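Report on the structure given below.
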Amino acid sequence: MKAWRFHGFGDLRLDDVPEPQAGPGQVLVEPLCVQPSVTEAQLAYGIPTLAYDRVKRRLETEAPVQLFGHEFCARVLATGPGVEGYRSGDRVAARAKLPCGTCVLCRSERGDRCRAGPVIGFDLPGCFAERAVLPAVALVKVDDRISDGEAACLQSLSDSVAAVETAGLQIADAVAIFGQGSMGLECLQIARLSGAGLIITVDVREEACRVSRELGADHALNAREIDAVATVRELTGGVGADLVFECAGGSPRQGLAGHETLRQAIDAVRSGGKVVGVSWFGGPVELNIDLLRERSLRYLFPDISTREHLEHTVRLVASGRVRLKPTITHVLSGIGEVPRAFEITANKGRFRAINPAQVVMRDS
Ligand SMILES: [Zn+2]
């Protein structure tokens, strides 16, 4: 079968590889729709971010290697021994980070806290291929009301569900969200469903602000036109937001906000409030911790998403409570378009993309 393999950073080739077989606890699937995550798209070009060192080591020691492809919708073709609950024809999506199954956490029903297991696309081959073998424990069945394209967003949505849960949002909290890319828009919708009061979003792209208003922001501020921090403070009676999600930081070369939106998030949150760091910065960030200490700020990071989070995303999207379609801006057709999807996703600003670019794997 055909699979995209990395021969080095920026060197992606559609190679012939052996047909994978479903072993015990595994499911053989045909990927229907796949999107590179923003992290994967940056790593593909060797841009430092989450897991850079791990990917670099694998390329140096194992290339060519099948990497990435954990955000997908796939159809089950066959199940291996011991797999229950999945049948040929079922559509599935997955969570990327899996429990190891053997550590003391996993053996005491606290596997959701385990960080020792494999990650799909990083330790296990993902779905940029004609077929893939995945651990059944990673999968969730996709409801018929969810399209293939929406299902490919469920993994990212489950991370956003985990981010909002980590935030410990209280009913009527004033919430500000810096960055209205896919995760910013997801946090917006989940915060709204979770009882947020006033919701203020910030982006520098007018099209992202427009989608943000459509998906329920009370105020979607364009930071190119106004002082976002001053406006958040003004809209919250001068005290700042109870809760701020920082979803815009990252490499300015990729059109992201650098460290600036983290400083803005800290300036926009009220004393005693919480900043939830969703972004990856790709390197150390200079931060005045005394300022956080003085103002009793909580700087939190989202927990990893669990099976329960992923199952919840299926309910949210199937029932129409979270809308993903307005965020899907670029859809490509055919497995040959995978490199183009990486290019668009690594440069979302330049391509005016909101969600990562999706690839419908079979030519239509
Ligand atoms: Zn474990």
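Being a predicted model, the structure only gives us computed values, none of them experimental. Residues: numbered from 1 along the sequence shown.
Summarising the local packing, CG of Asn288 is surrounded by more than 12 heavy atoms from other residues, nucleotides or ligands at distances under 6.0 Å. Open room surrounds CZ on Arg224; 12 or fewer heavy atoms of other groups in view lie less than 6.0 Å from it. Applying the 6.0 Å contact sphere to CD of Glu286 captures no more than 12 heavy atoms from other residues, nucleotides or ligands.
Heavy-atom minimum distance, Gly249 versus Ser279: N-OG, 2.9 Å. Heavy-atom minimum distance, Leu310 versus Ala138: CD2-O, 4.0 Å. In terms of heavy-atom proximity, Val202 sits nearest to Ala228 at CG1-CB, 3.7 Å. A pairwise comparison of heavy atoms in Pro31 and Met361 identifies O-CB, 3.5 Å as the closest pair. Closest of all the heavy-atom pairs between Ala220 and Cys209 is CB-O, 3.5 Å. When all heavy atoms are compared, the tightest approach of Val27 to Ala136 is CG2-CB, 3.9 Å.
Note on Leu157: it clusters hydrophobically with Val211, by side-chain heavy-atom contacts below 4.5 Å among ILVMFWY residues. Linking ILVMFWY residues whenever their side-chain heavy atoms come closer than 4.5 Å, directly or via other members, places Phe9 and Leu12 in the same cluster. A continuous path of Ile, Leu, Val, Met, Phe, Trp and Tyr side chains, each step under 4.5 Å between heavy atoms, connects Ile146 with Ile190, placing both in one hydrophobic cluster. A continuous path of Ile, Leu, Val, Met, Phe, Trp and Tyr side chains, each step under 4.5 Å between heavy atoms, connects Leu134 with Val34, placing both in one hydrophobic cluster. Linking Ile, Leu, Val, Met, Phe, Trp and Tyr whenever their side-chain heavy atoms come within less than 4.5 Å puts Phe301 and Ile289 in one cluster.
Between Val239 and Arg233 the shortest side-chain heavy-atom distance does not fall below 4.5 Å. Annotation: side chain of Arg58 is not in contact with side chain of Phe122 (no heavy-atom distance under 4.5 Å). The shortest distance between side-chain heavy atoms of His70 and Lys97 does not fall below 4.5 Å. Side-chain contact between Val232 and Leu221: present, with at least one pair of heavy atoms (C-beta onward) separated by less than 4.5 Å. Contact annotation: the side chain of Ile304 never approaches that of His309 to less than 4.5 Å [non-hydrogen atoms, C-beta and beyond]. The closest side-chain heavy-atom distance from Val161 to Leu316 is below 4.5 Å. Using a 4.5 Å heavy-atom threshold, the side chains of Val133 and Pro125 count as separate. Taking the side chain as every heavy atom from C-beta outward, Glu260 and Arg263 approach each other to under 4.5 Å.
A donor-acceptor pair under 3.5 Å links the side-chain atoms of Glu150 to the main chain of Ser147, judged by distance alone. In this structure a side-chain-to-backbone donor-acceptor pair under 3.5 Å is present from Arg298 to Ser296. Here the side chain of Thr261 pairs no donor or acceptor atom with the backbone of Gln264 at under 3.5 angstrom. Judged by distance alone, with hydrogens and angles left aside, the side-chain atoms of Thr329 form a donor-acceptor pair with the main-chain N or O of Ile354 at under 3.5 Å. The closest donor-acceptor contact from the side chain of Gln155 to the backbone of Phe72 lies at 3.5 Å or more, if one exists at all. Remark: side-chain polar atoms of Thr345 are not paired, donor with acceptor, to backbone N or O of Phe342 under 3.5 angstrom. Looking only at distances, a side-chain donor or acceptor of Arg295 sits under 3.5 Å from a matching main-chain atom of Val269. Formation of a donor-acceptor pair under 3.5 Å by the Arg91 side chain with backbone atoms of Asp143 is found in this model.
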Exercise. Given the rule in the side-chain contact (heavy atoms from CB on, under 4.5 Å) test, do Thr327 and Leu215 qualify, once you have shown the distances and angles that lead to the verdict?
Worked result: CA-CA 10 Å; Thr327 74; Leu215 294 178; 4.1 Å; yes
For this session: Might you work through the side-chain contact (heavy atoms from CB on, under 4.5 Å) test for Thr313 and Val322, ending with a clear yes or no?
Result: CA-CA 8 Å; Thr313 65; Val322 164; over 6 Å; no
Exercise. side-chain contact (heavy atoms from CB on, under 4.5 Å) between Glu186 and Leu324: does it pass, once the steps are laid out?
Worked result: CA-CA 8 Å; Glu186 290 163 4; Leu324 296 170; 4.3 Å; yes
Exercise. Given Tyr86 and Lys141, is the side-chain contact (heavy atoms from CB on, under 4.5 Å) satisfied, shown in steps?
Worked result: CA-CA 8 Å; Tyr86 295 99; Lys141 261 194 235 178; 3.9 Å; yes
For this session: Test ring-ring contact (aromatic ring centres under 6.0 Å, His included) on Phe6 and Phe68 and set out the steps.
Result: CA-CA 10 Å; Phe6 281 83; Phe68 311 140; 5.2 Å; yes
List the atom pairs, with distances to 0.1 Å, where a side-chain N or O of residues 166-183 and a protein N or O form a donor-acceptor pair under 3.5 Å, not counting sequence neighbours.
from	atom 1	to	atom 2	distance (Å)
Thr166	OG1	Ala162	O	2.8
Thr166	OG1	Asp303	N	3.0
Asp173	OD2	Gln170	N	2.9
Gln180	OE1	Ser212	OG	2.8
Gln180	NE2	Gly184	O	3.3

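Residues Asp15 and Arg13 are not paired through a salt bridge, judged by the lack of any N-O separation under 4.0 Å between the basic side chain and the carboxylate. Between Glu214 and Arg210, at least one side-chain nitrogen of the basic residue sits less than 4.0 Å from a carboxylate oxygen of the acidic one, meeting the salt-bridge criterion. No salt bridge links Glu60 with Arg57; every basic N to acidic carboxylate O contact stays at or beyond 4.0 Å. Comment: Asp242 engages Arg270 in a salt bridge, judged by a side-chain N to carboxylate O separation of less than 4.0 angstrom. Checked for salt-bridge contact, Glu206 and Arg213 meet the test: a charged N lies under 4.0 Å from a carboxylate O.
Annotation: the span from Gln358 atom CD to Glu71 atom CD amounts to 9.5 Å, rounded to 0.5 Å. Note that CZ of Arg131 and CD of Glu19 are 4.0 Å apart. Values are rounded to the nearest 0.5 Å. Separating the CG atom in Asn355 from the CD1 atom in Ile328 is a distance of 5.5 Å, to the nearest 0.5 Å. Expressed to the nearest 0.5 Å, how far CZ of Arg352 lies from NE2 of His330 amounts to 10.0 Å. Atom CD in Glu246 sits 9.0 Å away from atom CD1 in Ile266 (nearest 0.5 Å). The CD atom of Glu40 lies 12.5 Å from the OH atom of Tyr45; values are rounded to the nearest 0.5 Å.
Each of Asp159, Val137, Ile120 was scored for a side chain to side chain contact (heavy atoms under 4.5 Å, CB included) with Arg95, with one residue passing: Val137.
Taking Ile, Leu, Val, Met, Phe, Trp and Tyr as hydrophobic and joining them when side-chain heavy atoms fall under 4.5 Å apart, one finds Leu50 in a cluster with Trp280.
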